[in-house]
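The next block holds one structure in the form of structure tokens; read it before the comments.
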Protein chains: 2
Amino acid sequence: MDQLRTQESIGRDVSHLFRSIRNFMGRQLEPYGIGDAQFPFLMLLLHEDGISQEYLATALKCDRATSARSIARLEDTGYVRRVVDPDDKRAYKVFLTEQGHDMGQIVWSVSSDLNNMLLEGFTDEEKLAFRNMIKKAGTNISKWNQNRKTANE
Amino acid sequence: MDQLRTQESIGRDVSHLFRSIRNFMGRQLEPYGIGDAQFPFLMLLLHEDGISQEYLATALKCDRATSARSIARLEDTGYVRRVVDPDDKRAYKVFLTEQGHDMGQIVWSVSSDLNNMLLEGFTDEEKLAFRNMIKKAGTNISKWNQNRKTANE
DNA sequence: CTGCAATAATTGCGTAAGCAACTAATAAAT
DNA sequence: ATTTATTAGTTGCTTACGCAATTATTGCAG
């Protein structure tokens, strides 16, 4: 009841936060020809190479279609190369190119800039608590969504 | 440095949280013919009627274009009515219709369902802290974006 | 071995959001 | 009072994302 009266809404605040992050990342990544959506894929690939789009989608908690399109764009831009998996001709193995590997420094610095920006004025305890709470809330709600989805099948 | 190694990323967690919220809201609102984007506009209008699209955009921290399109959809669906402001013929005054007012109960219940869902397992202190930290992070980064924007003009 | 279910990827469709360019109306400046 | 700047709203373009349907391959059951 108080929500409506005082116009408090976590959903709105998360939305604002998310859109601001996209805005920030968009600006940071523009010089490299990639969008904010490609960033997490690039980041994961820097950590773990030669994986499938399906694996990427699962790890990044997004749809297979989103994964496909993001990887396609990274391929177009030259950061990534797709090789049909010889053990499973349905799947690709996604590898970073030279150019992709060279993004390591930039990815790292943009990522840490974002963190510093977001968490300015937070104590170390708050930083940790914040991360954990975001994850917890995300798990809470995505669990529910998952149940709804499988219920409709 | 640790971010890359451990694959920790607030950005990604916020993204997941946000997309899960959209998913949840989409399901909840589908029966009423509105999308998750319309929800905050409806919510604000239930609180404050007869305001302009510009005002809505500012209050909800989004672009004027987004406000225009969201209100247009609410009008199409019959929840809202636009009247040219007699004191300023450029602007509209956006009013809820009968049907719009009738959404009060649903808006309230969906909103509180979302909150309960997200904050399941949080203590009262954590709930409060979480809200404040989301807002703080959002303010931190949007302030920076704002500076970048005006710097490019 | 053949036929059928599950899986990886792709594509079309719908929704959402921001930026930039434009129109129309108002406010400010000379 | 006329020019100029600002403001409210709209529209086109681009990016992003999820769902559903489709294709191709793999794996399993008979």
Side-chain angles (χ1 to χ4, degrees), chain A residues 12 15-16 18-27 29-30 33-41 51-58 60-77 82-94 142 145-146 148-150 152-153, chain B residues 15-16 18-27 29-30 33-41 51-58 60-77 82-94 142 145-146 148-149 152-153:
Chain A
R12 245 188 344 272
S15 165
H16 178 228
F18 175 70
R19 287 180 287 116
S20 300
I21 289 175
R22 280 188 66 175
N23 198 304
F24 176 84
M25 295 300 275
R27 283 173 211 274
L29 298 174
E30 208 224 314
I34 57 175
D36 63 282
Q38 282 70 57
F39 188 81
F41 291 91
I51 53 187
S52 72
Q53 294 182 182
E54 193 76 20
Y55 181 92
L56 283 155
T58 305
L60 300 177
K61 297 178 181 118
C62 72
D63 198 77
R64 282 119 30 111
T66 302
S67 179
R69 280 185 274 250
S70 239
I71 295 299
R73 177 153 173 205
L74 282 174
E75 192 179 42
D76 287 347
T77 335
R82 287 190 283 193
V83 180
V84 174
D85 185 342
D87 299 335
D88 183 350
K89 285 172 199 155
R90 294 169 300 182
Y92 287 125
K93 280 169 161 290
V94 181
S142 68
N145 287 336
Q146 198 54 42
R148 282 303 111 239
K149 190 189 280 185
T150 53
N152 286 355
E153 287 171 1
Chain B
S15 165
H16 178 228
F18 175 70
R19 286 179 288 115
S20 300
I21 289 175
R22 281 189 65 177
N23 198 304
F24 176 85
M25 295 301 273
R27 282 173 211 274
L29 299 172
E30 208 224 312
I34 56 174
D36 62 282
Q38 282 70 58
F39 189 82
F41 291 91
I51 55 187
S52 71
Q53 294 181 182
E54 193 75 20
Y55 182 92
L56 282 154
T58 305
L60 301 178
K61 297 177 180 122
C62 71
D63 197 77
R64 293 146 35 208
T66 302
S67 179
R69 280 185 273 250
S70 238
I71 295 299
R73 176 151 175 205
L74 282 174
E75 192 179 40
D76 288 346
T77 335
R82 287 189 285 193
V83 179
V84 174
D85 186 342
D87 299 335
D88 183 349
K89 286 171 198 157
R90 293 169 300 183
Y92 287 125
K93 281 169 161 288
V94 182
S142 69
N145 288 336
Q146 198 54 42
R148 284 301 110 242
K149 191 189 281 184
N152 287 355
E153 286 173 1

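Within every chain, numbering begins at 1; the chains are lettered A, B, ... in the order of the sequence lines, protein sequences first and strands thereafter.
Here the P atom of nucleotide D/dA16 and the CZ atom of A/Phe39 are 13 Å apart, to the nearest Å. In this structure, CG of A/Asp76 is placed 12 Å from P of D/dA16, rounded to the nearest angstrom. Remark: P of D/dA16 and NE2 of B/His16 are 19 Å apart, rounded to the nearest angstrom. Distance CG (A/Asp63) to C1' (D/dA21): 13 Å, rounded to an integer number of Å. In this structure, B/Ile21 atom CD1 and D/dA16 atom C1' are separated by 17 Å, rounded to whole Å. One interatomic measurement links the two molecules: CZ of B/Arg82 to P of D/dG9, which rounds to 9 Å at whole-angstrom precision. Whole-Å rounding puts the A/Tyr92 OH to D/dT25 C1' distance at 13 Å. D/dA16 atom C1' lies 14 Å from atom CE of A/Met25, rounded to whole Å.
Minimum heavy-atom separation, A/Arg12 to B/Pro40: CD-CB, 3.5 Å. The two residues B/Tyr55 and B/Ser52 come nearest to each other via the heavy atoms N-OG, 3.0 Å. Residue B/Ser67 comes nearest to B/Cys62 through the heavy atom pair N-SG, 4.1 Å, listed as atom of the first residue, atom of the second, then distance. Between B/Ile71 and B/Arg82, the shortest heavy-atom contact is CG2-CD, 3.8 Å.
Scanning DNA chain C 5' to 3' for nucleotides with an atom closer than 4.0 angstrom to a non-hydrogen atom of chain B gives a first and last hit of C/dT15 to C/dT26.
Annotation: of the two residues near DNA chain C, B/Asp85 and A/Ser15, the 5′-most nearest-nucleotide partner is A/Ser15. Mapping A/Gln53 and B/Ala37 onto DNA chain C via the closest heavy atom, the residue that lands nearer the 5' end is A/Gln53. A residue-by-residue look at A/Asp87 and A/Lys61 shows that A/Lys61 has its nearest nucleotide of DNA chain D further toward the 5' end.
B/Arg19 has its side chain out of reach of B/Asn23: every pair of non-hydrogen atoms, C-beta onward, lies at least 4.5 Å apart. Between B/Asp85 and B/Tyr92 there is no side-chain heavy-atom pair separated by less than 4.5 Å.
Within 3.5 Å, a donor on the side chain of B/Arg64 pairs with an acceptor on the base of D/dG9, or the reverse.
Going from atom NZ of A/Lys93 over to atom CG of A/Asp88 covers 10.0 Å, rounded to the nearest 0.5 Å. Summarising the geometry, atom CZ belonging to A/Phe41 is positioned 11.0 Å from atom CZ belonging to A/Arg69; distances are rounded to the nearest 0.5 Å. For the atom pair CZ (A/Phe39) and CG (A/Leu60), the distance works out to 11.5 Å, reported to the nearest 0.5 Å.
Inspection of the B/Gln38 and B/Ser70 side chains reveals an N or O donor paired with an N or O acceptor under 3.5 Å.
Within the 4.0 angstrom heavy-atom criterion, only backbone atoms of the sugar-phosphate kind lie near A/Asp88; the bases stay farther away. Counting any heavy atom pair closer than 4.0 Å across all strands shown, B/Asn23 reaches sugar-phosphate atoms only and no base atom. Using a 4.0 Å heavy-atom cutoff across all strands shown, B/Gln38 reaches sugar-phosphate atoms only and no base atom.
Checking side-chain atoms of B/Asn145 against main-chain N and O of A/Ser20 turns up a donor-acceptor pair under 3.5 Å.
Distances shown here put every side-chain N or O of A/Arg19 at or beyond 4.0 Å from the OP1 or OP2 atom of D/dT15.
Residues from residues 65-74 of chain A lying near DNA chain D, meaning a heavy-atom separation below 4.0 Å, are A/Ala65, A/Thr66, A/Arg69, A/Arg73 in numerical order.
Annotation: the terminal axes of the helix from C/dC1-D/dG30 to C/dT30-D/dA1 meet at 10°, where each axis is the rotation carrying the C1' atoms of four end pairs onto the next four (5 pairs per end, rounded to 10°).
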